[in-house]
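These numbers were taken from a predicted model, which means no experiment stands behind them. One-based numbering, in listed order, for ligands and for the atoms of each.
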Amino acid sequence: MKRKLLVILGLLMFVTWAYAQQDSVTLQHGAHRIGRRTDADMQWWRDYGLGQFIHFGLYAQLGGEYNGEQYSGASEWIRSWNKLPNAVYDSLYKEFNPVNFDADRWAAMAKQMGARYVTITTRHHDGFCLWPSKYSDYTIVKSSYGKDLIGPLVKAYNKVGIDVYLYYSILDWHSKDWRYQLKTADDTVAFNRFKVFVKNQLTELLTLYPTVKGFWFDGTWDKSWASPSNAPFTDSLEQYLKQIRPGLIAGGRYRVDETGHRHDDANGSLMGDYAQGWERKIPKDYAATKGRDWDCDMTFGENGWGYQKKWLGHWKTTDELLEMMAKCNSLDGNFVLNFGPKADGSFRQEEVDAAREIGDWMKVNNAAIYDTKYNGWEKQDWGYSTISKDGKKAYLMVFNVPVSGKIKVLTDKAQQVGKAYMISAPEKSLPIHPLDYGYNEITIPSQRYSRPFVIVLDIVNGKSETRQENKAKT
Ligand code: JFZ
């Protein structure tokens with residue numbers, strides 16, 4: 001009797017399991033891959049650790065103000081403010097003249113900060129193109145500046161070893177063919193022209209700037225773009241772009257499936273190569289990342305990405321930003337810090353200072369950020385940790401120093417700790433005292449710390465092959 005019951009129970013469990021394995025919807029234009037990409041280009045992306053975002057465009061001229069009044073939304077959205085006539089905004093380009101834009105200086109600043117990739121707005125929602133697009137009249141060539149900005153930027157960043165990605169808004173407030181919603185047959189005709197325009201511009205960008213590694217897409221919330229009928233187009237365009245640029249990395253804020261699901265398809269699988277949804281927010285734990293590739297794009301201020309003359313609200317300190325970077329990397333994400341240059345092409349002093357301070361920290365501690373990954377540990381009281389790809393060095397990024405001067409580190413059972421040392425003094429071992437339940441108590445040098453610091457643990461018996469991230473693929 002008992003055996004029979006067990007068999008029935010087992011069968012029941014099997015059926016439940018088998019059911020859960022089934023995709024509920026068969027999709028032609030959903031995700032074409034389950035889990036992460038495994039190729040070298042994507043591994044390269046995964047290892048960046050730290051990136052820079054740049055929002056630069058006509059909105060920088062207003063800096064969030066018009067007629068002496070401050071717009072309360074994000075400064076790059078000011079064109080949508082009902083107090084500002086579109087015609088006024090759409091004439092700003094005539095005066096656009098970033099005379100102090102110096103590609104080499106921008107690149108040097110990003111390099112010193114420790115950024116390994118940059119994403120720059122080629123065309124934000126306002127439709128103004130920072131490159132000489134032959135498919136638009138509304139480009140930097142028509143401005144007082146009169147020449148390309150993206151080309152020199154790509155060249156300068158590449159020269160110092162920083163990869164370039166292009167932000168591109170799928171919606172375009174300036175284009176006469178763009179529609180928020182397709183209500184009439186004429187709307188559909190116009191929007192079809194718009195889609196050709198998008199394809200042409202993306203192709204043009206890849207052709208003009210052949211070293212560009214990928215796209216960061218934006219603005220896919222419109223009813224027009226996100227319509228189920230747009231699924232075949234977004235699908236085929238992504239495939240087309242990858243054909244003309246093998247290895248291209250396309251962000252996951254772009255496609256729609258035939259059921260109208262954006263970014264994640266109807267079965268919950270990510271369309272695109274990495275999740276773009278962690279914007280100004282950080283996953284609370286590893287489970288929340290779903291084991292995906294992702295990056296977190298963060299602003300200095302509380303809202304807004306473009307230059308803002310007056311900051312409303314909180315401005316993040318360098319320590320806060322370092323903590324966000326540590327947390328993102330400990331959860332297997334890249335951290336990307338946004339800059340909003342002034343209209344003349346120079347950076348505000350607060351951004352310059354923060355970039356330098358982050359860079360100073362990175363100079364000493366970058367091994368904890370570059371080429372590391374999620375190490376399978378839960379969040380611990382003292383801070384955040386990463387591990388080298390070979391599983392031999394765990395990096396403890398310490399943000400909270402207990403009054404005892406000793407931190408308790410819980411390693412994985414399979415991880416035997418060899419020695420512990422400050423990253424800045426590898427020759428000096430720190431005392432380790434093993435405790436119950438797999439904890440190790442490490443005595444940290446007693447001194448006043450003005451910044452978070454990194455302790456390295458040499459792992460003697462690693463278990464890099466059975467890591468959580470591999471499990472999370474399924
Ligand atoms: C978008 C833009 O509208 C904004 O101006 C800026 O460029 C930013 C990087 O991207 O804003 C968004 C888009 C999506 C979310 C939040 C802000 N989101 O999914 O949470």
Stepwise salt bridge (Lys or Arg N to Asp or Glu O under 4.0 Å) test for Lys373 and Asp332
CA-CA 5 Å; Lys373 57 183 187 173; Asp332 238 1; over 6 Å; no
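When atom types are taken as modelled, the side chain of Lys327 and the backbone of Tyr384 share no donor-acceptor pair closer than 3.5 angstrom. Judged by distance alone, the side chain of Thr386 and the main-chain N or O of Ala368 form a donor-acceptor pair under 3.5 Å.
Among residues two or more places apart in sequence or in another chain, the ring-ring contact (aromatic ring centres under 6.0 Å, His included) test is passed with Phe53 by His55, Trp216, Trp305. For the side chain to side chain contact (heavy atoms under 4.5 Å, CB included) test, residues two or more places apart in sequence or in another chain that qualify with Gln28 are Glu258.
Near ligand 1, residues His55, Glu76, Trp77, His124, His125, Tyr167, Trp216, Asp218, Trp221, Arg253, Glu279, Lys281, Trp305 each place a heavy atom inside the 4.0 Å sphere around the ligand atoms.
Under the salt bridge (Lys or Arg N to Asp or Glu O under 4.0 Å) criterion, the residue pairs touching residues 265-280 are Arg33-Asp273, Arg37-Asp273, Lys242-Asp273, Arg253-Glu279, with sequence neighbours excluded.
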